[in-house]
Number of protein chains: 2
Amino acid sequence: MKIRPSRPGRKARVKPRLDRSQIVQAALDLLDDVGFDALTMRNLAKKLGVKAASLYWHVHNKQDLLSLLADEICASMREPDRTLPWRRQLEELGNEYRHVLLAHRDAARVLAESGAPSGPHRLRLTEILFRTLLDAGFNHKDAAYAGFLVSDYVTMFVLDETQDVNTDAADASKDQSSDLQTWFKALPAHEYPSLIALADYLTAPNADERFRFGIEILENGLETRLERQ
Amino acid sequence: MKIRPSRPGRKARVKPRLDRSQIVQAALDLLDDVGFDALTMRNLAKKLGVKAASLYWHVHNKQDLLSLLADEICASMREPDRTLPWRRQLEELGNEYRHVLLAHRDAARVLAESGAPSGPHRLRLTEILFRTLLDAGFNHKDAAYAGFLVSDYVTMFVLDETQDVNTDAADASKDQSSDLQTWFKALPAHEYPSLIALADYLTAPNADERFRFGIEILENGLETRLERQ
DNA sequence: ACCTGAACACCGTTCAAGT
DNA sequence: ACCTGAACACCGTTCAAGT
């Protein structure tokens with residue numbers, strides 16, 4: 001198994017020569033370790049034992065890196081069984097995408113800031129989504145719009161699902177009242193009756209249940225649209 | 001009309017003394033002028049003829065400023081006629097909120113990064129939204145989840161409605177092919193048939209129409225849910 | 001071809017000091 | 001009470017120079 005073409009001098013592995021995919025992998029590790037805000041070109045370079053400027057030989061800029069990173073994150077996405085009814089397929093797609101976004105720290109933020117899909121994995125993901133909608137019988141325009149809708153829903157959902165954690169933690173640490181539920185109920189009852197009435201579900205939402213709710217609404221809405229089409 | 005209590009010395013207006021609402025107003029102007037990325041504490045201070053450190057006397061940090069700014073942006077929100085059927089009210093609410101977000105440059109980004117609503121205007125806005133859903137007959141949990149859904153939809157929609165412009169402009173200026181439609185159609189036809197089929201609607205979406213589509217889907221979905229409740 | 005040194009033009013935030 | 005000077009600890013990016 002000793003296939004190592006590059007001359008294996010004594011310290012061959014000390015300078016493994018940078019490489020796009022190596023950079024992306026390191027960025028993903030760094031993301032999981034320190035989160036999106038600390039994912040900087042300089043920290044990434046440090047992790048790779050290199051100077052920040054070196055990265056720019058392999059990557060146009062940070063935007064480019066984020067785009068590559070977003071694609072890498074989507075690499076583990078598995079596609080649903082195409083023989084299932086479209087609603088089931090959409091559910092699988094939604095669940096799978098959500099789990100992909102939950103698999104790495106701040107992944108939703110990476111996806112949100114990485115621009116339109118251009119890498120193979122994200123293109124594949126959107127292809128499957130649109131294909132499912134076309135298979136279901138939507139016309140081109142509706143399929144396109146519905147695809148945006150579903151994919152935006154999942155991204156947005158995970159986005160605030162994961163930054164509620166941050167906010168909660170922040171509030172808990174710096175505010176004396178760690179319960180923002182009590183904060184809610186302390187609002188002027190005359191001005192915000194509905195807010196107060198709903199406080200229980202606004203503050204401690206069951207994420208899985210709430211996600212499921214949104215998917216159901218979207219599916220019901222799409223089905224109605226399909227029937228009337 | 002000469003009511004000016006503070007002693008009107010020769011250069012009285014040279015140092016009008018900073019003020020929270022004055023800072024927020026200046027931040028809003030700056031946002032419209034230079035956009036979210038250039039809305040920095042230092043630039044804001046410069047605009048106010050003051051040093052950056054001074055701002056921290058009136059505002060906890062940038063996060064706090066963004067929160068105040070978000071509330072200011074929502075100040076112009078008008079509430080729909082409560083006697084309308086709930087679907088019409090929801091439409092009005094959606095349209096109005098979208099227009100509020102389109103009224104200032106990058107307003108959706110400000111809202112997205114400003115955390116949960118805490119100012120009076122945003123609280124009022126969410127109160128109205130939840131009230132509408134409760135009036136419609138949803139139970140507490142469904143009303144709460146549906147409120148998130150609708151408000152997230154609008155924010156997300158405007159978010160990429162407005163950054164498509166940026167991306168398009170960027171592509172148009174630096175790419176030789178200003179049409180990403182041609183880019184889409186140049187994809188491997190065997191791998192991405194649906195993407196290519198839908199290219200027309202993916203690249204040049206009619207924003208108003210697409211927004212309307214999403215609202216319709218949500219309303220239909222919610223109606224179905226309400227009937228089965 | 002690939003990496004570094006060194007700089008450029010910025011950030012948000014703090015805090016002792018001034019008035 | 002309110003503002004400034006000056007610093008701290010960072011950013012992304014460029015580019016001549018090294019190997």
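Computed from heavy atoms alone, side chains included, the values below leave out hydrogens, waters and symmetry copies. Letters A, B, ... are given to chains in the order of the sequence lines, protein chains preceding strands, and every chain is numbered from 1.
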Hey, does A/S54 reach any base, or is it just sugar-phosphate, or nothing, if we go heavy atoms under 4.0 Å?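 Base contact.
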Select base, sugar-phosphate, or nothing to describe what B/D37 touches, counting heavy atoms under 4.0 Å on all strands. nothing
Is A/H58 close enough to C/dA1 that one of its side-chain N or O atoms is under 4.0 Å from OP1 or OP2 there?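 No, because none of the side-chain N or O atoms of A/H58 sits under 4.0 Å from OP1 or OP2 of C/dA1.
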Taking only side-chain N and O atoms of A/W57, does any of them lie within less than 4.0 angstrom of OP1 or OP2 on C/dC2?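 Checking C/dC2 against A/W57, a side-chain N or O does come within under 4.0 Å of OP1 or OP2.
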Please report the distance, rounded to the nearest Å, between [atom1] in [X] and [atom2] in [N].
X: A/N61; N: D/dT14; atom1: CG; atom2: C1'; result: 12 Å
X: A/R20; N: C/dA1; atom1: CZ; atom2: P; result: 16 Å
X: B/L44; N: C/dC10; atom1: CG; atom2: C1'; result: 16 Å
X: B/L18; N: D/dA1; atom1: CG; atom2: C1'; result: 13 Å
X: A/R42; N: C/dG5; atom1: CZ; atom2: C1'; result: 12 Å
X: B/K46; N: C/dC11; atom1: NZ; atom2: C1'; result: 12 Å
X: B/R17; N: C/dT19; atom1: CZ; atom2: P; result: 14 Å
X: B/E113; N: C/dG12; atom1: CD; atom2: C1'; result: 15 Å

By nearest-heavy-atom nucleotide on DNA chain C, the more 5' of A/L55 and B/Y56 is A/L55
Could you tell me the Watson-Crick or G-U partner of C/dC8, where both distances fall under 3.5 Å? Say none if there is no partner.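 The answer is D/dG12, by the H-bond criterion.
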Which base, if any, makes a Watson-Crick or G-U wobble pair with D/dC2, both distances under 3.5 Å?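 Matched D/dC2 with C/dG18 under the 3.5 Å cut-off.
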Please step through side chain to side chain contact (heavy atoms under 4.5 Å, CB included) for the pair B/S118 and B/L123, ending with a clear verdict. CA-CA 6 Å; B/S118 61; B/L123 284 176; 5.7 Å; no
Under 3.5 Å, is there a donor-acceptor pair between the B/T162 and B/R105 side chains? no
How far does the P atom of D/dA9 sit from the matching atom of C/dC10, given to the nearest Å? 22 Å
Does A/H60 or A/N43 map to a spot on DNA chain D nearer the 5' end, using the closest nucleotide for each?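 The 5'-side residue here is A/N43.
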Can you work out whether A/M41 or B/K51 has the more 5'-proximal nearest nucleotide on DNA chain D? B/K51
Compare the minimum distances between each of C/dG12, C/dG5, D/dT13 and the side chain of A/A53, then state the nucleotide with the smallest one. C/dG5
Which label fits B/F211 and B/Y153: parallel for a plane angle under 30°, tilted from 30 to 60°, or perpendicular past 60°? parallel
Donor-acceptor pair, side chain of A/Y97 and main chain of A/L125, under 3.5 angstrom: no
Please confirm whether the backbone N or O of B/H121 pairs with a side-chain atom of B/D71, one donor and one acceptor, at under 3.5 Å?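 Present.
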